[in-house]
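Worksheet: one structure, shown below.
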Amino acid sequence: MALLLRSLARQGVCMPCPRFCIYRHAVPMGTTAKEEMNKFWAKNTRLNRPMSPHITIYSWSIPMMMSITHRGTGVGLSGGISLFAVAALVLPGDYTSHLELVHSLSLGPSLITSAKFILAFPVLYHTFNGIRHLIWDVGKGFKIPEVYRSGYAVIGLSLLSAIALAAL
């Protein structure tokens with residue numbers, strides 16, 4: 001049916017008869033998009049308007065920073081997992097040989113614990129903040145005090161969980 005309608009529509013557009021021509025009332029534009037854009041920016045400059053939205057007009061808040069950090073950790077985690085997968089495919093040896101290489105470096109417990117924290121925190125933060133977003137999807141927690149309270153809870157849980165995992 002769709003093919004039939006499409007072929008009839010094409011015939012109607014291409015027919016020389018003026019009553020089937022869909023462009024008969026078309027009028028050429030008076031200005032181009034570039035001219036309209038130049039007029040827009042000239043007016044904004046003349047009225048001394050700032051570019052909007054601009055980061056200088058917003059006061060930074062915890063929910064704003066958490067949103068930016070959530071996106072950043074998501075991009076970082078997906079990039080890190082992709083690099084790890086490519087490295088696992090390309091590099092010679094298997095997991096045990098790479099683990100033995102790390103042990104042979106004798107990095108010390110403080111550096112190993114710090115590295116584990118650096119790896120654990122983004123995963124846990126993104127997970128806990130994702131759960132927070134799922135709760136928002138249900139329609140709960142949109143009042144400003146609840147947004148701040150849940151934000152602080154996510155930060156606290158992420159820090160405590162990352163410290164606990166790094167201590168293992």
Would you tabulate the side-chain donor-acceptor contacts of residues 138-145 under 3.5 Å, counting partners in other chains and residues two or more places apart, or write 'none'?
none

Return a table of donor-acceptor pairs under 3.5 angstrom between the side chains of residues 116-125 and protein atoms on other chains or two or more places apart.
{"residue": "K116", "atom": "NZ", "partner": "A166", "partner atom": "O", "Å": "3.3"}
{"residue": "K116", "atom": "NZ", "partner": "L168", "partner atom": "O", "Å": "2.3"}
{"residue": "Y125", "atom": "OH", "partner": "M66", "partner atom": "O", "Å": "3.0"}

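Shown here are the side-chain hydrogen bond (donor to acceptor under 3.5 Å, both in side chains) partners of T96, two or more places apart in sequence or in another chain: D94. Legend: residues meeting side-chain hydrogen bond (donor to acceptor under 3.5 Å, both in side chains) with T73, ordered by chain and number and at least two apart, are H126. For R46, there are no side-chain hydrogen bond (donor to acceptor under 3.5 Å, both in side chains) partners two or more places apart in sequence or in a different chain. Not a single side-chain hydrogen bond (donor to acceptor under 3.5 Å, both in side chains) links S158 to another residue, sequence neighbours left out.
In terms of hydrophobic clustering, with Ile, Leu, Val, Met, Phe, Trp and Tyr side chains grouped at heavy-atom distances under 4.5 Å, I68 and I155 are assigned to different clusters. At a threshold of 4.5 Å between side-chain heavy atoms, the hydrophobic network of Ile, Leu, Val, Met, Phe, Trp and Tyr places V90 and F84 in two separate groups. In the hydrophobic clustering of this structure, I131 does not group with W136; members are Ile, Leu, Val, Met, Phe, Trp, Tyr whose side-chain heavy atoms approach within less than 4.5 Å, directly or through other members. Following chains of ILVMFWY side-chain contacts shorter than 4.5 Å, one can reach M37 starting from F40, so the two form part of one hydrophobic cluster. Note: the hydrophobic cluster containing M64 does not contain V147 (ILVMFWY, side chain heavy atoms under 4.5 Å, direct or indirect links).
H98 has its side chain out of reach of V102: every pair of non-hydrogen atoms, C-beta onward, lies at least 4.5 Å apart.
The residues R149 and E146 are annotated as not salt-bridged, no charged nitrogen and carboxylate oxygen being separated by less than 4.0 angstrom.
A donor-acceptor pair is defined here as one N or O able to donate and one able to accept, closer than 3.5 Å; no such pair exists between the side chain of R49 and the backbone of K43.
The heavy-atom pair separating S82 from S78 by the smallest distance is OG-O, 2.8 Å.
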